[in-house]
Amino acid sequence: MTVVEQYARAHVVTDSPEAPDAVPIVLRYDPDIDPRSVRIGLPGPHEWAFSRDLLEKGLRAPAEKGDVRIWPCGRVQAVMEFHSQRGVEVVQLESKALLRFLRRTYTVGAAVGQHFN
């Protein structure tokens with residue numbers, strides 16, 4: 001099956017003056033692993049998996065499930081917050097990159113005849 005992978009740049013939200021302007025992230029959808037989930041790879045060994053539905057909802061209004069929170073930030077940005085025992089990672093990125101990624105995941109699902117409830 002086809003894996004959807006999209007690279008984007010995100011801003012790490014931090015109070016540190018040494019924080020980089022933007023960091024590379026990878027958005028990944030592999031229907032063979034889980035057709036209902038997406039993955040977000042942050043710099044280093046940090047990867048988060050959560051439902052596509054949560055991502056879609058979080059682009060329209062604040063949404064959360066478990067350790068992941070997503071909400072729109074103005075008209076063109078979205079914020080993603082990831083909680084773990086190590087702390088909280090917060091990134092901000094363009095909503096259109098996430099929307100483009102979501103469309104591609106649904107196109108792949110439709111092309112192979114997947115149907116979701």
For a quick test of reading the model, state the closest non-hydrogen atom pair linking [X] to [Y] and the distance between them.
X: P62; Y: P72; result: N-CD, 3.9 Å
X: Q6; Y: A97; result: NE2-O, 2.8 Å
X: L55; Y: I70; result: CA-CD1, 3.8 Å

Same apolar cluster: L102 and I33, side chain cutoff 4.5 Å: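 No, separate clusters.
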
**Prompt:** So if you build clusters from Ile, Leu, Val, Met, Phe, Trp, Tyr with side-chain heavy-atom gaps below 4.5 Å, do V12 and Y7 land together?
**Reply:** no

Counting C-beta onward and ignoring hydrogens, is there a side-chain heavy-atom pair between [X] and [Y] closer than 4.5 Å?
X: L27; Y: L98; value: yes
X: V91; Y: I40; value: no
X: V26; Y: E5; value: yes
X: E64; Y: W71; value: no
X: W48; Y: E89; value: yes
X: V23; Y: L42; value: no

Could you measure the distance from the [atom1] atom of [X] to the [atom2] atom of [Y]? Nearest 0.5 Å is fine.
X: H11; Y: E94; atom1: NE2; atom2: CD; result: 8.0 Å
X: T105; Y: D30; atom1: OG1; atom2: CG; result: 12.0 Å
X: S51; Y: K65; atom1: OG; atom2: NZ; result: 6.5 Å
X: K96; Y: L59; atom1: NZ; atom2: CG; result: 14.0 Å
X: R28; Y: R39; atom1: CZ; atom2: CZ; result: 8.5 Å

E81 vs V88, side-chain contact (heavy atoms from CB on, under 4.5 Å): CA-CA, chis, key distance, verdict
CA-CA 7 Å; E81 185 176 279; V88 178; 3.6 Å; yes

So Y29 and R104, side-chain contact (heavy atoms from CB on, under 4.5 Å) or not? Walk me through it. CA-CA 9 Å; Y29 171 71; R104 290 177 62 208; over 6 Å; no

- Please check if the side chain of S95 supplies one atom and the backbone of Q77 the other of a donor-acceptor pair under 3.5 Å.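 Yes: the side chain of S95 pairs with the backbone of Q77.
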
Check: Is there a donor-acceptor pair under 3.5 Å between the side chain of R52 and the backbone N or O of P35?
Finding: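 Confirmed, R52 side chain pairs with P35 backbone.
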
